[in-house]
Amino acid sequence: MAVDDLGIGLRTTIGPEELKSITSEIDARTLRAPVASQRLDTLKFASCVPDPALEQMLADRDADVRAVAAVLGEPLNSAGLVRD
């Protein structure tokens, strides 16, 4: 992948229309990646806070709403299978 390549690799094959349909339903404000449970133990005072609260805090810290919204706002020019 070149430095100026804006392609995003996917782990599946999908057509452009289906990809557009899926991405149009994503809300950047609520999208969160899963938090690895190992990260909870690295937080100061982790034993004093319930795990679900720690997971939510880390997910909120990791989120980049503006960047996700910017990516989702870009037009989808093509979708295809790239072989290594």
Holding to side-chain contact (heavy atoms from CB on, under 4.5 Å), I want the full list of residues that pass it with [X], two or more places apart in sequence or in another chain.
| X | result |
| --- | --- |
| R66 | D64 |
| V71 | I8 |
| Q56 | D60 |

Determine the minimum heavy-atom distance between A69 and A28, stating which atoms define it.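 Scanning both residues completely, I find the closest heavy atoms to be N-CB, 3.7 Å.
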For residues R32 and A59, report the shortest heavy-atom separation together with the two atoms involved.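 In terms of heavy atoms, the two residues are closest at CD-O, 3.4 Å.
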Go through the structure and list residues passing salt bridge (charged side-chain N to carboxylate O under 4.0 Å, His left out) with E25, not counting sequence neighbours.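 In terms of salt bridge (charged side-chain N to carboxylate O under 4.0 Å, His left out), with neighbours along the sequence ignored, E25 is linked to no residue.
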Which residues end up grouped with L31 if you chain together Ile, Leu, Val, Met, Phe, Trp and Tyr wherever their side-chain heavy atoms are less than 4.5 Å apart?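 Taking Ile, Leu, Val, Met, Phe, Trp and Tyr as members, L31 shares its hydrophobic cluster with I26, V68, L72.
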I'd like to know if the side chain of T23 reaches the main chain of L19, judged simply by a donor and an acceptor atom lying under 3.5 Å from each other, with no hydrogens or angles considered.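 It does hold such a pair.
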All side-chain hydrogen bond (donor to acceptor under 3.5 Å, both in side chains) counterparts of R29, not counting sequence neighbours: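 For R29 the side-chain hydrogen bond (donor to acceptor under 3.5 Å, both in side chains) partners, ignoring immediate neighbours, are D27.
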Please report, to 0.1 Å, the donor-acceptor pairs under 3.5 Å made by any side chain of residues 33-54, with sequence neighbours excluded.
| unit_1 | atom_1 | unit_2 | atom_2 | d |
| --- | --- | --- | --- | --- |
| R39 | NH1 | D62 | OD2 | 2.6 |
| R39 | NH2 | D62 | OD1 | 3.3 |
| T42 | OG1 | R39 | O | 2.6 |

